[in-house]
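Below is one structure, written out as structure tokens; the observations come after it.
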Amino acid sequence: MAEHLVVNDDGNVIGRTLLGEELIEMLRLNLQWRNERRLDHLLIEAAAAADPDNPRVQAIRRRQRSYPSNMPDLKIYEPPGGNAKPEGLNASHTARQRNGELSDIY
């Protein structure tokens, strides 16, 4: 995607190609709340890189980037026509979290 999109230092997404510009429009990537979220992410990552041992920065980073505790259990859903890849249910984030195989942050 890097050939099509770039994120500026202010969190704004810029299209490098026509496809990139279409993606920005179709996915509404430059809504204000999304830009603010991206900017928060960029600032937290910069702070974590500058001071990786700072417990306050790490706590904020963990809070922003941790998986939710209430992820949906995909095993309870049955798609129309059945599940073509049922083995994927055991590899889902929910299953991996339940088995202690999912990292604290993404």
On a heavy-atom basis, which atom in Asn83 and which in Glu78 lie closest, and how many Å separate them? N-OE2, 3.6 Å
Determine yes or no for a side-chain-to-main-chain donor-acceptor pair under 3.5 angstrom, with Arg34 supplying the side chain and Arg28 the backbone. yes
Just wondering, are more than 12 heavy atoms of other shown residues or ligands nearer than 6.0 Å to CD in Glu25? no
Asp10 side-chain N/O to Asn12 backbone N/O, donor-acceptor pair under 3.5 Å: yes
Tell me whether Asn30 contacts the main-chain N or O of Val13 through its side chain, where contact means a donor paired with an acceptor under 3.5 Å. yes
Would you say Leu29 and Met26 are hydrophobically clustered, going by side-chain heavy atoms of ILVMFWY under 4.5 Å? yes
Answer yes or no: is there a side-chain heavy-atom contact under 4.5 Å between Glu3 and Thr17? no
Taking all heavy atoms of Ile44 and all of Val57, pick out the closest pair and write down the distance. O-CG1, 4.3 Å
I'd like to know if the side chain of Gln58 and the backbone of Asp53 have a donor-acceptor N/O pair within less than 3.5 Å. no
Would Trp33 end up clustered with Leu39 when hydrophobic side chains under 4.5 Å apart are linked, directly or stepwise? no
Can you give me the closest heavy-atom contact between Ala2 and Arg16, atom names plus distance? O-NH1, 2.9 Å
Heavy atoms of Ala95 and Asn90 approach each other most closely as CB-O, 3.6 Å
Should Leu42 and Ile24 be counted in the same cluster of Ile, Leu, Val, Met, Phe, Trp and Tyr side chains packed under 4.5 Å apart? yes
